[in-house]
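Report on one structure; see the data block that follows.
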Amino acid sequence: MKFLQENVKKQALAILKNDYEITDADLVFSLPGERKFGDLSTNLAFVLAKKIKIKPLLLANAMAGKLQNRLAEIESIQVAGGGFINFFLRRDPFLHYQWQNRMRPMPAKPEKIVVEHTSINPNKAAHIGHLRNSCLGDILARCCRFLGHEVEVQNYIDDTGIQIADVVWGLLYYQKKDLAAIKEISDLASYLWNLYAEVNQAFATDEKLAAARREVHKKIEEKINPEYEACLYIAQQVLLDHIRTMARLDIQYDLLARESDVIGLDFFKAAAAELTSRRVMTLSQDPEKQGCLVIRYEQENIEKIIVRSNQTITYVGKDIAYNLWKFGLLPRDFHYRPFFTYPDNHPIYMTAGEPGTPTSRFGQAGKVFNVIDVRQSYLQNLIAQVLLQLGHVEQSRNFIHFSYEMVAMTPGCVREMGLNLTPEEENKPYVEVSGRKGRAVKADDLIDQLIAKSRLEIKSRNPGLSPDEAEPIARAIAVAALRYFMVKFNLNSVIAFDFKEALNFEGDSGPYLQYTLVRLNSILKKAAAAGLGALNEPGCLARLEKAERELYWEIILNLSLLQPQVEYALANHELSSLAAYAYGLCQKFNHYYHLFPVLAEKDPLVKDLRLTLISLFKNKMEKLLQIMGISVPDKM
RNA sequence: GCACCCGUAGCUCAAAGGAUAGAGCAGCUGACUUCUAAUCAGCAGGCUGCAGGUUCGAGUCCUGCCGGGUGCGCCA
């Protein structure tokens with residue numbers, strides 16, 4: 001479709017340039033919402049009318065007259081709506097082109113893309129807020145791969161922060177467990193979920209405890225046992241738990257970048273030299289920040305502390321160094337070791353402080369996507385600013401904060417879970433999810449609920465299925481429902497989480513998409529059994545009755561938009577447009593399915609055309625579902 | 001206080017400056033002896049928060065209000 005649009009544009013421009021002063025940018029095509037307005041439409045006449053002061057309608061008619069019958073791919077041209085020029089494609093050649101090119105692989109693109117997502121503090125189990133991050137990040141990575149990019153998925157592990165000190169303190173001093181006792185705790189991540197909320201409540205009410213926590217944090221930084229060893233153990237176990245949870249959703253990582261290695265390998269020192277010599281980072285003149293090194297955030301005219309008066313480095317400082325490294329702009333590298341292998345043999349590497357396994361180079365990105373919620377915009381913007389100030393113009397432009405709004409919970413949902421609300425919170429439209437307050441739905445619990453529900457649905461529809469057969473199907477449906485739910489909203493709309501919506505398997509949902517393909521596959525299977533497997537070139541659409549022909553064309557035309565849709569989603573940071581695209585296509589197909597039976601059709605040519613349509617639909621929709629991380633079960 | 005985001009049907013959300021503002025859920029009618037009814041067809045539901053402005057054209061852009069959220073830490 002994209003190729004065709006460009007081709008039509010080139011031809012039209014060549015013709016119109018003789019009579020009008022138009023540029024490449026003036027001629028923009030769009031797909032009209034209704035087919036009576038054509039397959040391609042342009043507002044060129046409106047744009048030009050302003051410049052040369054002629055009525056748009058007159059101009060549009062004149063232009064249409066000049067273009068009529070002179071564009072190879074265009075059957076006819078009409079003017080409508082006061083000046084839109086609408087183009088109707090030659091349908092049979094278009095269908096042939098789509099059919100012939102359906103298997104063509106996407107050419108590889110040279111630009112390597114690093115996507116950072118998940119990055120959960122390793123001190124408690126993952127919750128629904130993290131799921132939005134990981135699902136978006138994973139789909140983003142899949143979009144880039146689909147378009148031919150090399151993609152590296154990184155997960156940043158803050159294994160040194162105060163959050164982890166909280167639970168270390170909780171285990172060692174609040175619950176008075178020794179290391180051996182800690183190692184005996186099963187399902188540590190869930191256990192810490194409760195403990196983390198509990199100790200934070202304690203910290204809030206008792207000043208002295210906060211000092212104890214700082215003491216634990218200090219001991220971890222100075223590698224003093226048992227605090228340090230407990231910290232290492234907890235971070236590793238919880239991290240493994242997060243990896244396991246996300247693997248349930250088919251979300252995988254390539255590299256785990258540890259904050260302790262960013263610190264241990266003095267990444268910041270390497271960055272600091274440059275920051276200081278370019279006077280990006282300076283000694284603060286503010287008496288309250290005496291002895292601190294700061295960077296001025298220009299957008300809001302704030303001084304951000306990078307190096308504290310005690311010479312320790314803040315989170316932003318470490319993040320600046322880490323992101324410079326992602327682009328290969330730091331004269332320093334991590335060491336690496338293999339950490340984990342997925343059942344499909346895909347390895348995850350972890351950064352290391354000491355020389356480990358030699359491996360292919362990580363980082364060296366041409367473009368970086370950081371999937372982090374909107375609350376960190378200020379810090380991400382600061383990093384982009386710093387890249388620019390250091391003279392890395394290209395990298396600054398390719399440093400992308402893939403920002404999304406938070407997941408919240410309605411007061412009703414919080415109450416439903418048996419959790420407490422303050423009277424003030426009761427009256428809010430939603431309250432933010434918080435691991436610190438233990439106020440969130442745990443990721444694993446939600447996945448379990450989804451699987452349980454799909455199990456019931458499968459059982460009622462397919463009573464003969466054994467549990468062994470039903471289980472993978474239940475999982476596939478649960479994953480589809482969850483991933484679709486997480487991607488269908490606009491990035492800047494807050495998701496006010498609601499069990500009823502998230503557990504919906506009907507209508508605008510992941511299982512709806514799966515069901516469409518399951519039925520379609522069933523037709524193809526039966527057609528193959530009847531010896532109708534191999535398909536020839538598509539026949540002429542004229543063979544179809546008008547009503548079917550129009551619907552058929554509508555579907556073919558929309559199917560051709562897969563690649564432009566993915567490019568649009570990526571360029572505009574709007575992955576929800578992919579969900580809407582997939583849903584719209586399936587709606588159209590289901591409508592067609594009900595009106596026009598395939599296998600019962602008597603006319604062999606019509607039957608062939610219908611089989612062509614469903615083959616093409618399967619081809620495109622499977623690619624689209626793969627981008628969304630949704631698999632298609634054999635039956636539902 | 002400053003900065004960013006949101007306000008569309010009873011509810012949850014779409015609408016890429018464009019043609020008659022669309023879906024799902026909930027409600028009401030209908031369609032399983034048929035390629036799987038997790039489906040489909042239909043009914044009903046709207047001063048797009050308010051007031052101005054820009055434009056051939058505004059839910060979308062600008063200004064001001066009203067209501068809500070978030071960020072602005074020597075936490076990460």
Side-chain angles (χ1 to χ4, degrees), chain A residues 30-34 36-37 41 43 45-47 49-50 55-57 80-84 86 119 121 158 160-164 217 259 284 288-292 294 297 299-302 304-310 312 314-316 318-319 373-379 381 403 405-406 408 428-430 432 454 457-458 460-462 477 481 488-490 492-496 498 500-501 504-509 511-512 514-516 518-520 522-527 568 571-572 574 576-577 579-580 583-584 586-587 590-591 593-601 610 614 635-636:
Chain A
S30 63
L31 177 79
E34 285 181 76
K36 68 175 178 188
F37 297 132
S41 176
N43 62 353
F46 291 113
V47 176
K50 199 174 302 181
K55 285 202 169 120
L57 190 59
F84 289 102
N86 298 333
S119 305
N121 285 328
D158 177 10
T160 64
I162 196 84
Q163 285 84 355
I164 194 155
H217 190 203
E259 179 154 306
S284 177
E288 284 183 13
K289 294 174 186 162
Q290 207 167 24
C292 293
V294 295
Y297 178 50
Q299 196 176 313
E300 292 182 40
N301 202 21
I302 305 169
K304 185 69 204 166
I305 293 170
I306 306 300
V307 181
R308 302 185 187 98
S309 51
N310 68 2
T312 56
T314 60
Y315 164 67
V316 205
K318 287 175 268 193
D319 219 24
D373 84 44
V374 67
R375 288 172 291 191
Q376 290 203 36
S377 296
Y378 146 58
L379 298 173
N381 289 342
S403 159
E405 260 291 358
M406 61 177 179
K428 291 192 168 190
Y430 48 76
E432 107 186 270
S454 15
E457 297 283 342
I458 292 163
S460 74
R461 285 157 222 263
N462 305 278
I477 292 170
K488 74 185 239 189
F489 300 96
N490 261 322
N492 48 10
S493 70
V494 176
I495 298 182
D498 173 40
K500 200 168 134 262
E501 282 280 320
N504 176 35
F505 291 175
E506 286 167 17
D508 189 11
S509 72
Y512 176 93
Q514 292 176 306
Y515 185 70
T516 306
V518 165
R519 291 200 306 192
L520 170 158
S522 168
I523 298 175
L524 287 178
K525 216 180 285 171
K526 287 184 179 169
Y568 172 84
N572 295 282
E574 212 35 277
S576 63
S577 63
Y583 181 56
C586 285
Q587 273 184 316
N590 283 327
H591 181 57
Y593 174 96
H594 273 267
L595 289 175
F596 308 108
V598 178
L599 299 175
E601 175 57 36
R610 290 180 185 169
I614 61 176
K635 54 179 89 169
M636 284 177 73

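Keep in mind that the numbers below use all heavy atoms, side chains included, and drop hydrogens, waters and symmetry copies. Every chain is numbered from 1, with letters handed out A, B, ... down the list of sequences. Note that the structure is a prediction, hence the values are computed from the model and not measured.
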Starting from Watson-Crick (N1-N3 plus N6-O4 or O6-N4) and G-U wobble pairs under 3.5 Å, report the runs of at least three that RNA chain B belongs to. B:1-7 with B:66-72, B:10-13 with B:22-25, B:27-31 with B:39-43, B:49-53 with B:61-65
Can B:C40 be described as syn, meaning its chi torsion is within 90° of 0, or is it anti? anti
Any base atoms under 4.0 Å from [X], or only sugar-phosphate, or nothing? Heavy atoms, all strands.
| X | result |
| --- | --- |
| A:Ile458 | base |
| A:Tyr583 | sugar-phosphate |
| A:Ile614 | nothing |
| A:Pro56 | nothing |
| A:Leu599 | base |
| A:Val307 | nothing |
| A:Thr314 | sugar-phosphate |

Looking only at atom [atom1], what distance separates [N] and [M], rounded to whole Å?
| N | M | atom1 | value |
| --- | --- | --- | --- |
| B:G71 | B:C65 | P | 24 Å |
| B:C40 | B:C25 | P | 9 Å |
| B:G10 | B:C6 | P | 22 Å |
| B:G22 | B:U48 | C1' | 12 Å |
| B:G69 | B:A16 | C1' | 25 Å |
| B:C61 | B:A19 | P | 16 Å |
| B:C5 | B:U60 | P | 15 Å |
| B:C74 | B:G18 | P | 44 Å |

So where does chain A start and stop touching RNA chain B, 5' to 3', when the test is distance under 4.0 Å to a non-hydrogen atom? B:A3 to B:A76
A:Asn590 and A:Tyr512 side chains, donor-acceptor separation under 3.5 Å: yes
Pairwise side-chain contact, A:Tyr430 with A:Met406, heavy-atom cut-off 4.5 Å (strictly under): yes
Would you say A:Ser284's side chain and A:Cys292's backbone share a donor-acceptor pair under 3.5 angstrom? no
Run the salt-bridge test on A:Asp373 and A:Arg375 with the 4.0 Å N-O cut-off and return the result as yes or no. yes
Closer to the 5' end of RNA chain B via nearest nucleotide, is it A:Asn490 or A:Gly291? A:Asn490
Cationic tip of A:Arg610 within the cone over A:Phe596's six-membered ring, i.e. under 6.0 Å and within 45° of the normal? no
Are A:Tyr297 and A:Tyr378 an aromatic pair by the rule of ring centers under 6.0 Å? yes
